[in-house]
**Student:** 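Structure provided below as structure tokens; questions to follow.
Just so you know, these numbers use all the heavy atoms, side chains as well, and skip hydrogens, waters and symmetry mates.
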Amino acid sequence: MAFITRVSSHSSIVYSLRTRCSPPFPPSNRAIALLRRHDLAGGLSSVCVQSSRLVLARAEEKAKKGDSPLSLSEEQRLPDLGSGGPCDPLCSVDEVSSQDFEDSYQPKTDLLKALAVFGAAATGALAINHSWVAANQDLAMAILFILGYAGIIFEESLAFNKSGVGLLMAVSLWVVRSFGAPSTDIAVQELRNASAEVSEIVFFVLGAMTIVEIVDAHQGFKLVTDNITTRKPRTLLWVVGFVTFFLSSILDNLTSTIVMVSLLRKLVPPSEYRKLLGAVVVIAANAGGAWTPIGDVTTTMLWIHGQISTLPTMKDLVLPSIVSLTVPLGLLSLTSEVNGKAQDSDDVLAAEQMAPRGQLVFAVGVGALIFVPIFKALTGLPPYMGMLLGLGVLWILTDAIHFGESERQRLKVPQALSRIDTQGVLFFLGILLSVSSLEAAGLLRELANYLDSHIPSIELIAGSIGVVSAIIDNVPLVAAAMGMYDVTSFPQDSEFWQLVAYCAGTGGSMLVIGSAAGVAFMGMEKVDFFWYLRKVSGFAFAGYAAGIAAYLAIHNIQISLPTTLADVHFLSGS
């Protein structure tokens, strides 16, 4: 059970987000941490954190003694931990959520942890034996990767953070590679090359997350959400879908989901219809991120490493991505929930005020994101340099406009850096370094040869990646595909790489736990896995398949989407 409290300083609203999901579908810690980074007040106060820890400690103590969990009256008698009074109501844990947490709390059994520790110790003992590892490098690395990935999938049951597991797995795999390589110098050079490639993605993601956090802190996204005024159910369904689609093409899909679902909570009363609108946000956010090089982490990975370029990818994938959204929208428009009568709600958006110079920060922040592909085409430098340029400009700008305003420190970059999802970035680092070790050892090439001999269709291989990404994080899947095949096997902007970008980006919509956007929606609207499976998954799969069909149709009959941008010389580069 993951319990999150989100504090919003501009609206003074507390969201108690609780998600329950049994393995192998635990909610992603990366998504939960990214939810936390949108706490404009800078996170929970230490007083409230101490209060929640005390509730947990009391519950565990009761469980060990065999007593019943704390009653509501007992929790109300918990001592105040503040220095001079009770916890601020805006950050305190609500009593119902605390009681629900204690009632459902079960102490972690030691069996799974013991097995995990035993497996790690056994693997470590084998790793000490240099001769065995050198002779059985592929087997040792395969065992390590399987154990590490199992630890990531079952992180909730084992109570091990997947970022830590990913880092441990990465280092262990490279240690084994150093034993099995022809020489240590070769392994070190391979690690340096891998680190150079991985660091580009890490710097890019860090810069993008900080820029988005600054814009969000200034409430710049109100410029987008304030223009949604319709209350007609069917019209609102389509408007929300396409606004999210285009918003996600320049922001990450998780940020777009949080912005839009927060908007829906203010526009539509709690109902089945609002849940369906939230599901549309998830589908649209994933579809919108698939057709631009900065819209999704996996697409960014392919772009940075040269598998896809800017304009060809946008021209070839924009229509399939739109199809993957319009098909579910059309099917959902026929449901009884959408065809019901509109419900009036109070307009609370006007009560929220944008931070000073919020429009300027929004324009500069979004402009910095859009400028990154142009910077790469103009200079030939890696995309992360363009992202760091935009961050530097925004940093200087916010320092200037908030100079001497001590009460607005949270609007500046140093405070934003404390709120971004650093553990999610470390998870990317661990996964990408792990996959690069398998690539250096030749395991991914062997897997590619096996797939080529048994699944000759590249369409099926790319489609399978999308289906699997509904269960497994798409970052390691795309990293593995990049390691299995290179630009000599499939040249830049080939059908395979574009299909991988589309399938990995949109495939996660088929299950609510298949993407960070889905996990965020599940927590914010308290939607369970089986509701989404029953109500939405079929529509999402129809859109996913229709998008693939649309891409193949365009590719085979050589439809060229008209655009004048293709004639601009500096945009035609990769």
Side-chain angles (χ1 to χ4, degrees), residues 2 4 6 15 17-36 38 152-153 155-156 162 240-241 244-245 247-248 251-265 274-290 295-299 321 324-325 328-329 332 421 424 427 465-478 502-544 547:
I4 316 166
R6 178 182 183 272
Y15 300 130
L17 307 181
R18 300 184 299 274
T19 57
R20 293 180 178 86
C21 213
S22 301
F25 309 120
S28 166
N29 275 355
R30 172 169 63 93
I32 290 173
L34 283 171
L35 277 170
R36 282 174 175 166
H38 286 267
I152 291 172
I153 293 176
E155 62 169 335
E156 292 297 318
K162 69 179 181 181
V240 166
T244 307
F245 179 84
L247 190 64
S248 180
L251 307 177
D252 64 274
N253 53 7
L254 180 60
T255 300
S256 304
T257 300
I258 292 174
V259 169
M260 295 305 296
V261 172
S262 298
L263 169 71
L264 294 178
R265 295 168 71 96
R274 193 171 84 179
K275 290 182 179 180
L276 288 179
L277 283 176
V280 166
V281 168
V282 173
I283 295 173
N286 290 331
D296 188 85
V297 174
T298 53
T299 313
S321 297
S324 70
L325 172 62
L329 284 177
L332 285 169
D421 177 33
F427 171 69
I465 290 175
V467 173
V468 176
S469 71
I471 302 174
I472 299 176
D473 194 285
N474 56 5
V475 171
L477 289 176
V478 173
Y502 167 81
C503 294
T506 60
S509 300
M510 288 185 280
L511 295 177
V512 72
I513 47 82
S515 65
V519 173
F521 164 61
M522 182 170 61
M524 295 179 74
E525 288 295 294
K526 300 179 179 63
V527 172
D528 62 69
F529 174 85
F530 293 102
W531 179 90
Y532 191 95
L533 181 66
R534 184 176 65 255
K535 294 282 189 177
V536 182
S537 291
F539 299 149
F541 176 76
Y544 172 76

**Student:** I would like to know whether Tyr502 and Thr299 meet side chain to side chain contact (heavy atoms under 4.5 Å, CB included); could you show each step before the answer?
**Tutor:** CA-CA 8 Å; Tyr502 167 81; Thr299 313; over 6 Å; no
**Student:** Measuring from atom CG of Leu276 to atom CG of Leu264, what distance do you get when rounded to the nearest 0.5 angstrom?
**Tutor:**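 Going from the CG atom of Leu276 to the CG atom of Leu264 covers 11.0 Å.
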**Student:** Report yes if some heavy atom in the side chain of Phe245 is under 4.5 Å from a heavy atom in the side chain of Ser256; otherwise report no.
**Tutor:** no
**Student:** Side chains of Phe539 and Leu329, heavy atoms from C-beta outward: is any pair under 4.5 Å?
**Tutor:** no
**Student:** How close do Gly507 and Ala470 get, heavy atom to heavy atom, and via which atoms?
**Tutor:**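 Answer, listing the atom of Gly507 first, then Ala470: O-CB, 3.5 Å.
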**Student:** Using every non-hydrogen atom in the two residues, find where Ala287 and Thr506 come nearest and quote the distance to one decimal.
**Tutor:**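 That would be CA-CG2, 3.8 Å.
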**Student:** Return the minimal non-hydrogen interatomic distance between Thr244 and Ala284, and the atom names on each side.
**Tutor:** CB-CB, 3.8 Å
**Student:** Could you check whether any side-chain N or O of Ser324 sits under 3.5 Å from a backbone N or O of Gly543, counting only pairs where one atom can act as donor and the other as acceptor?
**Tutor:** no
**Student:** Decide side chain to side chain contact (heavy atoms under 4.5 Å, CB included) for Phe521 and Val281; before the verdict, give the C-alpha distance in whole Å, the side-chain angles of both, and the deciding distance to 0.1 Å.
**Tutor:** CA-CA 8 Å; Phe521 164 61; Val281 168; over 6 Å; no
**Student:** Which pair of heavy atoms, one from Ala285 and one from Ser248, lies closest together, and at what distance?
**Tutor:**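 Shortest heavy-atom contact: O-OG, 2.6 Å.
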**Student:** Atom CG in Asn253, atom CD1 in Ile283: separation rounded to 0.5 Å?
**Tutor:** 13.0 Å
**Student:** Taking side chain to side chain donor-acceptor pair (under 3.5 Å) as the definition, give me every residue that meets it alongside Ser509, ordered by chain and number, with sequence neighbours left out.
**Tutor:**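 With sequence neighbours excluded, Ser509 shows a side chain to side chain donor-acceptor pair (under 3.5 Å) to Asn286, given in chain and number order.
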**Student:** Which residues satisfy the side chain to side chain donor-acceptor pair (under 3.5 Å) test with Thr298, sequence neighbours excluded?
**Tutor:**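 By the side chain to side chain donor-acceptor pair (under 3.5 Å) rule, Thr298 matches Asp296.
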**Student:** What residues, two or more places apart in sequence or in another chain, satisfy side chain to side chain donor-acceptor pair (under 3.5 Å) together with Lys535?
**Tutor:** Glu337
**Student:** Restricting to non-hydrogen atoms, name the atom on Gly241 and the atom on Val280 that form the minimum distance, rounded to 0.1 Å.
**Tutor:** CA-CG1, 3.7 Å
**Student:** Go through Val467 and Tyr544 one step at a time and tell me if the side chain to side chain contact (heavy atoms under 4.5 Å, CB included) criterion holds.
**Tutor:** CA-CA 9 Å; Val467 173; Tyr544 172 76; 4.2 Å; yes
**Student:** Between Ala540 and Met510, what is the shortest heavy-atom contact and its length?
**Tutor:** CB-CA, 4.0 Å
